[in-house]
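Encoded as structure tokens, the structure appears first; notes follow it.
By convention in this document, chain letters (A, B, ...) are assigned in the order of the sequence lines, proteins followed by strands, and residues within each chain are numbered from 1. Note: hydrogens, waters and symmetry copies are ignored here, and every other heavy atom, side chains too, is used.
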Amino acid sequence: MSVRTRVAPSPTGDPHVGTAYMALFNLVLARSQGGRFVLRIEDTDQERSSPAFETGIMDALRWAGLDWDEGPDVGGEFGPYRQSERLAIYRQHAEELVASGGAFRCFCTKERLDALRRSQQANRETPRYDGLCRGLEPTQSRDRAANGEAYVVRLDVPESGTCRFADGIRGDIEIPWRQVDMQVLVKSDGFPTYHLAAVVDDHLMGITHILRGEEWLNSMPKHQLIYDRLGWSPPAHYHLPLLRNPDGSKVSKRRNPTGLDYYRRSGYLPEALCNYLALMGWSMPDEGEIFSVEEMTAAFDLDRLSTGGPVFDLTKLAWMNGQYIRAMDPGQFMDRVADWAVNRENLTPLVPLVQERTQRLADLLPQVDYLLGDRTAVDESDFVHKRLDRDDCKRVVDHAKRRLDGLTEWDRDSLRDALVALADAMGIKVRDFLAPLFVAVAGRTVALPLFDSMAYLGRDVVRSRLMDALAVLGGTGKKQAKRLERDYANLTDPGT
RNA sequence: GUCCCCUUCGUCUAGUGGCCUAGGACUCCGGGUUUUCAUCCCGGCAACAGGGGUUCGAGUCCCCUAGGGGACGCCA
């Protein structure tokens with residue numbers, strides 16, 4: 001059987017560097033075996049999923065050069081490739097599981113489940129559903145459902161014994177069934193959870209190898225159970241180590257730029273990023289460090305995947321990017337610069353902002369420097385303001401960052417509404433409030449309009465500049481961070 | 001707390017029982033090339049988490065301890 005792999009992002013946020021990491025390895029494995037690489041959109045969380053995120057993820061993966069052979073936009077014979085369009089398939093398999101006793105309907109209320117979890121935690125047990133509804137008579141279960149009572153479908157899990165499975169990277173693993181929860185497979189809104197949808201799709205889409213994050217290792221017993229109960233044999237699983245922050249924790253936007261858009265906007269080359277990502281979990285047999293995805297594909301070997309969680313180190317990525325830049329001939333370089341940002345399409349939105357502020361054409365570049373490239377480095381003195389002291393500035397930047405992190409829309413008007421409301425809530429005049437933000441974002445207090453600038457720069461770049469500003473202002477220790485958090489929570493901000 | 005995974009220079013890694021006096025890369029330091037800077041070249045600092053075994057021989061195999069990470073949602 002020919003090799004088929006997939007990457008299955010969920011469109012609940014901006015494109016993440018971890019998604020590219022997983023996509024890279026799955027793509028390379030498939031290509032190295034003459035197989036196919038599939039993109040599947042896991043939009044089963046109705047609350048958080050959005051088409052805008054889906055588009056963003058696909059754009060970013062394409063930018064990275066991680067193209068798929070089958071997917072929602074390019075089709076394929078195993079579609080649809082968007083889980084929200086496959087609900088009937090999941091329902092059918094869920095019913096099959098319930099009918100065969102592999103799963104059961106659960107009518108428990110949220111209140112009961114919360115109380116249960118609390119008492120188990122108090123007793124130092126792994127929180128786990130207690131199986132109350134498992135004892136329901138099938139007829140009774142069916143009747144209650146038919147009467148319109150809300151329910152979920154849960155996986156029936158053995159009370160004792162041990163689950164054994166193999167991981168391609170880590171070998172044989174044993175997990176006691178006691179540790180495995182009776183996972184919800186179908187939510188009360190009728191949508192499947194990840195566990196059901198992924199297993200069903202991986203089987204139906206003929207996926208042969210799953211390379212996914214180590215975070216899923218503990219879910220393997222559930223997945224194996226579903227494969228078994230449906231009469232399927234599971235694909236080979238490889239749990240890759242998670243990318244880490246410098247402090248060793250799972251990579252997160254609080255500590256690192258994690259958005260692919262950040263790297264794109266900051267002028268990293270996709271081929272350098274992929275090369276670097278490859279090094280984060282794999283090595284060339286000859287120890288070569290600079291190689292293309294094609295070269296990696298030609299040499300790929302699953303046995304060379306590493307086990308330890310690598311720290312994502314911007315310094316080495318920057319070095320590597322420089323290697324790629326310098327390897328170009330001048331024509332290529334010019335093309336890449338134009339392709340990146342110095343082109344009509346990218347510059348057009350700036351024209352209305354710049355033209356009215358311009359006397360000579362030479363005025364153009366100094367006005368847009370911080371929008372096209374990095375802003376100048378700032379220090380504490382740049383924030384000095386006649387009505388705001390250092391702590392005020394820190395408070396403004398901190399709260400603005402929190403407010404912006406919670407903002408779903410990212411356009412000029414949304415930014416203005418959110419930040420003006422925040423200034424009001426903080427009791428600071430907008431004019432004063434904006435000053436530290438200008439410094440943080442533009443590197444100076446006189447610049448093009450702030451909200452336009454932020455909209456243009458994008459979320460990831462703005463977040464990283466605000467974080468840098470916070471650091472420059474002396475950083476926030478644990479105590480101060482707590483205080484700022486409380487202070488922010490107590491604001492009567494109509495926008496939150 | 002319970003369970004699972006992981007552990008070689010600060011960071012990314014090579015190493016699959018003798019080739020290891022542990023190699024490469026980034027960073028840093030020193031030197032050279034260069035009108036400056038950068039590039040480039042040369043050199044240097046720096047690690048097998050600890051303890052027990054197995055073996056003629058252990059970074060490599062086993063066990064224990066410690067440390068780190070992850071999971072424990074009607075999120076993925």
*Can you tell me how far C1' in B/rU13 sits from the matching atom in B/rA22, rounded to whole Å?*
13 Å

_Whole-Å P distance, B/rC29 and B/rU34_ = 22 Å

*Could you tell me which nucleotide pairs with B/rU36 by Watson-Crick or G-U wobble geometry, both distances under 3.5 Å, or answer none if nothing does?*
none

_For B/rA58, the Watson-Crick or wobble partner whose two distances fall under 3.5 Å_ = none

*Report yes or no: does A/R244 contribute a side-chain atom to a donor-acceptor pair with the main-chain N or O of A/F312 at less than 3.5 Å?*
no

*List the steps and the verdict of salt bridge (charged side-chain N to carboxylate O under 4.0 Å, His left out) for A/K482 and A/E485.*
CA-CA 5 Å; A/K482 270 250 164 61; A/E485 189 176 349; over 6 Å; no

_Rounded C1' spacing from B/rC3 to B/rC12 in Å_ = 30 Å

*asked:* For A/W410, is there any backbone N or O sitting under 3.5 Å from a side-chain donor or acceptor partner on A/S414?
replied: no

*Start at the 5' end of RNA chain B and walk down; is the nucleotide closest to A/T12 or to A/L305 reached first?*
A/L305

*Can you label the angle between the A/Y194 ring and the A/H223 ring as parallel, tilted or perpendicular, going by 30° and 60°?*
tilted

*Assigned partner base of B/rA66, Watson-Crick or wobble definition, under 3.5 Å*: B/rU7

_Would the distance check show the side chain of A/R86 and the main-chain N or O of A/P80 forming a donor-acceptor pair, the cut-off being under 3.5 Å?_
yes

*What integer number of Å spans the P atoms of B/rG18 and B/rG10?*
26 Å

*Checking all strands, does A/K110 fall into the base, sugar-phosphate, or nothing category for heavy-atom contacts under 4.0 angstrom?*
nothing

*Could you go through the salt bridge (charged side-chain N to carboxylate O under 4.0 Å, His left out) check for A/R4 and A/D202 one step at a time?*
CA-CA 10 Å; A/R4 292 174 59 81; A/D202 285 332; over 6 Å; no

*Which part of the nucleic acid, if any, lies within reach of A/E287 when heavy atoms closer than 4.0 Å are counted: base, sugar-phosphate only, or nothing?*
base

*Whole-Å gap separating P (B/rC12) and OH (A/Y21)*: 11 Å

*asked:* Classify A/T44 by what it touches in the nucleic acid, base, sugar-phosphate, or nothing, heavy-atom distance under 4.0 Å.
replied: sugar-phosphate

*Round to the nearest Å and state the distance from A/M182 atom CE to B/rC74 atom P.*
13 Å

*Spell out protein contact along nucleotides 40-46 of chain B as letters: B when the base is contacted, S when just the sugar-phosphate is, - when no protein heavy atom is under 4.0 Å; keep the 5' to 3' order.*
S------

*Within the structure shown, what part of the strands sits under 4.0 Å from A/S219 by heavy-atom distance: base, sugar-phosphate, or nothing?*
nothing

*Without swapping roles, check the side chain of A/D181 against the backbone of A/Q183 for a donor-acceptor pair under 3.5 Å.*
no

*Report yes or no: does A/E70 contribute a side-chain atom to a donor-acceptor pair with the main-chain N or O of A/L39 at less than 3.5 Å?*
no

_Quick check for you: among B/rU11, B/rG69, B/rC75, whose closest atom lies nearest to any side-chain atom of A/D45?_
B/rC75

_Nucleotide B/rC72, atom P - distance to CG of A/L113 in whole Å_ = 16 Å

*Short side-chain donor-acceptor distance under 3.5 Å, A/N321 and A/Y276*: no

*Sticking with atom C1', work out how far B/rG43 lies from B/rG52, rounded to a whole angstrom.*
41 Å

*asked:* Does A/M280 reach a base, just sugar-phosphate, or nothing at all? Heavy atoms under 4.0 Å.
replied: sugar-phosphate

*What is the nucleic acid contact for A/V152, judged by heavy atoms within less than 4.0 Å: base, sugar-phosphate only, or nothing?*
base

*For B/rC72, which nucleotide in any strand shown is its Watson-Crick or wobble partner with both distances under 3.5 Å?*
B/rG1

*asked:* When the C1' atoms of B/rA47 and B/rG24 are compared, how many Å lie between them, rounded to an integer?
replied: 14 Å

*Mind calculating the distance between CZ (A/R48) and P (B/rA76) to the nearest angstrom?*
7 Å

*Could you give the NE2-to-P distance, from A/H195 to B/rA76, as a whole number of Å?*
7 Å

*Rounded to the Å, how far apart are A/R6 CZ and B/rA76 C1'?*
11 Å

_Nearest-nucleotide comparison on RNA chain B, the residue closer to the 5′ end among A/Y194 and A/R128_ = A/R128

*Can a donor-acceptor pair under 3.5 Å be found between the side-chain atoms of A/S188 and the base atoms of B/rC74?*
yes

N/O contacts under 3.5 Å, protein versus nucleotides 1-9 of chain B?
residue: B/rG1; atom: O2'; partner: A/R124; partner atom: O; Å: 3.1
residue: B/rU2; atom: O2'; partner: A/T126; partner atom: OG1; Å: 3.3
residue: B/rU2; atom: O2'; partner: A/Q179; partner atom: OE1; Å: 3.4
residue: B/rU2; atom: O2'; partner: A/Q179; partner atom: NE2; Å: 2.5
residue: B/rU2; atom: O2; partner: A/T126; partner atom: OG1; Å: 3.2
residue: B/rC3; atom: O4'; partner: A/Q179; partner atom: OE1; Å: 3.2
residue: B/rC3; atom: O4'; partner: A/Q179; partner atom: NE2; Å: 3.4
residue: B/rC5; atom: O2'; partner: A/R170; partner atom: NH1; Å: 2.6
residue: B/rC5; atom: O2'; partner: A/E214; partner atom: OE2; Å: 2.8
residue: B/rC6; atom: O3'; partner: A/T307; partner atom: OG1; Å: 3.1
residue: B/rU7; atom: OP1; partner: A/T307; partner atom: OG1; Å: 2.9

*asked:* Testing the 3.5 Å rule here: is there a donor-acceptor pair between the side chains of A/H239 and A/D167?
replied: yes

*Base, sugar-phosphate, or nothing: which does A/R178 touch, judged by heavy atoms less than 4.0 Å apart?*
nothing

*Ignoring backbone atoms, establish whether A/K316 has a side-chain N or O less than 4.0 Å from OP1 or OP2 of B/rU13.*
no

*Look at all strands and tell whether A/R304 reaches a base, only sugar-phosphate, or nothing, counting heavy atoms closer than 4.0 Å.*
sugar-phosphate

*asked:* Can you measure A/L240 atom CG to B/rG70 atom C1' for me and round it to whole angstrom units?
replied: 14 Å

*Spacing of the P atoms in B/rG31 and B/rC37 (rounded, Å)*: 13 Å

*Crowded around A/D130 CG? As in, over 12 foreign heavy atoms under 6.0 Å?*
yes

*Write down the distance between CE (A/M320) and C1' (B/rU13), rounded to a whole number of angstrom.*
12 Å

*With distance as the sole criterion, is a donor-acceptor pair present between the side chains of A/S84 and A/D43 under 3.5 Å?*
yes

*Nucleotide forming a Watson-Crick or wobble pair with B/rC20, both distances under 3.5 Å*: none

*Qualifying salt bridge (Lys or Arg N to Asp or Glu O under 4.0 Å) pairs with a residue from residues 316-335 of chain A, counting only residues at least two apart or across chains*: A/E289-A/K316

*Among B/rG73, B/rU11, B/rA76, the nucleotide that comes nearest once only the side chain of A/R117 is considered*: B/rG73

_With rounding to the closest Å, how many angstrom separate the P atoms on B/rU33 and B/rA46?_
28 Å

